[in-house]
Amino acid sequence: MEKIIMCIDMDAFFASVEQKSNPRLLGKPVAVIGSGSRTVITTASYEARRFGVKTGMTVYEARRLCPDLILVRGNSEKYIDTCRELEGIYRDFTPHLELYSIDEAFLDITRTHHLFNGPERVAALIKGRIMDRFGITCTVGIGPNLLIAKLASDMAKPDGMKWIKIEDVGRLLEELPVGELWGIGPATEKALNMMGIKTCGQLGRTPVSVLRSRFGILGESLKTMGMGIWTRPLITGEERPVSVGHSLTLPRDVWKREEMESWILLLSDKVARRARGYGYEGRTVSLTLRYPDFETFTKQKGLHTPTNDTHQIYRQVLSILDSIRLRDRVRLIGVRLSGLTRESNQMSLFSGLERRKALFKAIDTINNRYGELSLAWAASICKEGPSGRPITPSTGKELMRPSVY
Ligand code: TTP
Ligand code: MG
């Protein structure tokens with residue numbers, strides 16, 4: 001049976017929520033910025049996008065393009081609350097859904113759309129409920145798999161709806177530039193273009209051996225993506241979580257190893273703590289780094305046994321860092337633990353391990369009760385902040401941005 005997958009992506013999510021909660025911002029160019037000392041645009045309203053204002057720009061760059069730009073400091077709790085309520089709306093239409101990021105969800109409506117008179121009707125109903133409840137718009141893409149549903153939503157943005165039927169996929173991808181496809185970033189796009197592969201049609205016809213020799217195992221998925229095939233199933237509630245990760249745009253680009261280690265410890269601890277909170281351990285650790293020019297890459301390494309121990313994750317990330325020759329300063333660091341399995345309750349052979357587990361439990365309890373980073377590892381407290389002042393754990397917390405990757 002052909003699957004019917006729906007991608008729902010809020011339009012200029014943070015900016016729309018802010019515009020809705022402050023009517024004076026309605027219809028105006030608005031940019032939401034993070035709460036750290038460095039001001040990077042997290043998202044811009046469509047009014048601001050008309051001037052060329054984009055996610056990732058500095059306030060300085062954005063103001064130059066759009067002098068009347070109104071800046072609003074982001075309030076992640078507000079967005080997370082909205083996100084939770086949105087899930088409730090989606091669940092009225094199907095139990096099979098994946099909350100992919102803070103503002104994107106994938107719904108498998110294969111078995112339920114007929115109850116509402118078809119996929120387009122489901123889309124219209126969901127858009128209507130979101131508008132009634134929050135006064136914000138979203139775009140809905142429908143397709144035979146996640147990749148095509150996401151493509152449909154990207155094409156229909158903003159406030160749109162598009163259904164790409166399975167029989168139209170081939171024709172549509174034929175001329176589509178590879179960079180338009182979800183998951184093909186600027187670096188991959190450039191590499192493909194250098195090989196003479198410009199469109200998805202060409203990508204789908206490239207022999208897999210050619211792609212494999214350039215991209216390794218990724219070559220396989222690139223080929224299938226070019227063909228419009230996407231086999232990863234939705235990750236619905238029952239299997240969740242498959243990974244936990246945190247990333248952080250640093251208050252200033254760092255080069256010094258010692259400074260990088262502090263941030264990595266902080267992130268490893270956040271990741272480990274979340275895994276412990278869920279009662280999971282993971283066997284793969286990955287490190288994501290972004291250079292000032294936004295080139296971003298991820299490297300991962302497996303562990304012999306699954307863990308949710310802050311320091312074990314930290315050490316693993318450092319060993320990944322050791323294997324990388326940095327070509328520039330680092331702008332963003334991300335740490336992720338994946339391959340999660342339920343924490344084993346069997347008695348450990350090493351009593352030291354038991355003590356560590358008890359220690360982590362105590363720390364987690366304190367932090368859960370008194371706020372994040374009430375207790376932090378001394379080494380994760382940076383020696384100095386962006387302006388040379390020391391960063392205390394509490395300001396460290398302020399620098400956190402929601403991780404959406
Ligand atoms: P997006 O879906 O990428 O962007 P958007 O919803 O603002 O705009 P649109 O979908 O209409 O193109 O991201 C969703 C929200 O996530 C966004 O409003 C802000 C936040 N965000 C970050 O915090 N950091 C980031 O790096 C990005 C890309 C987004
Ligand atoms: Mg969005």
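Each residue takes its place number in the sequence, starting with 1. Both counts, for ligands and for their atoms, begin at 1 and track the order of listing.
Taking every heavy atom of Ile102 and a limit of under 4.0 angstrom, the matching atoms of ligand 1 come to 16 (O). The Asp103 neighbourhood of ligand 1 comprises atoms 2 (O), 6 (O), 13 (O), 14 (C), with distances under 4.0 Å to a heavy atom of that residue.
Not a single heavy atom of Tyr79 sits less than 4.0 Å from an atom of ligand 1. Put simply, no part of Glu104 is less than 4.0 Å from ligand 1, judged by heavy atoms. At least one heavy atom of Ala12 lies less than 4.0 angstrom from ligand 1.
Among the atoms of Thr55, none of the N or O lies under 3.5 angstrom from an N or O of ligand 1. Ligand 1 has a nitrogen or oxygen under 3.5 angstrom from a nitrogen or oxygen of Phe14.
By the criterion of a heavy-atom distance under 4.0 Å, both the backbone and the side chain of Thr42 are placed next to ligand 1. Under 4.0 angstrom from ligand 1, the non-hydrogen atoms of Arg49 all belong to its side chain. Residue contacts with ligand 1, taken as heavy atom pairs separated by less than 4.0 Å, do not involve Thr139 at all.
Looking at Asp11 and Thr139, their side chains do bring a donor and an acceptor atom within 3.5 Å of each other. Donor-acceptor pairing under 3.5 Å is lacking for the side chains of His96 and Arg111. At a cut-off of 3.5 Å, with distance as the only test, no side-chain donor of Arg290 or Thr249 sits close to an acceptor on the other residue. Side-chain atoms of Arg49 and Thr43 form a donor-acceptor pair, as typed in the model, at a separation below 3.5 Å. Using modelled atom types and a 3.5 Å distance limit, the side chains of Tyr79 and Glu18 yield a donor-acceptor pair. In the model, Thr110 has a side-chain atom that pairs as donor or acceptor with a side-chain atom of Asp108 under 3.5 Å.
Put simply, the side chain of Glu281 does not reach to within 4.5 Å of the side chain of Leu303, judged on heavy atoms.
Inclusion of Asp103 in the first shell of the Mg ion (ligand 2) is supported: an N, O or S atom falls under 2.8 Å. Residue Thr43 does not count as close to the Mg ion (ligand 2), with no N, O or S atom under 2.8 Å. Inclusion of Asp9 in the first shell of the Mg ion (ligand 2) is supported: an N, O or S atom falls under 2.8 Å.
Judged purely by atom type and a 3.5 angstrom limit, Glu175 has no side-chain atom pairing as donor or acceptor with the backbone of Thr199.
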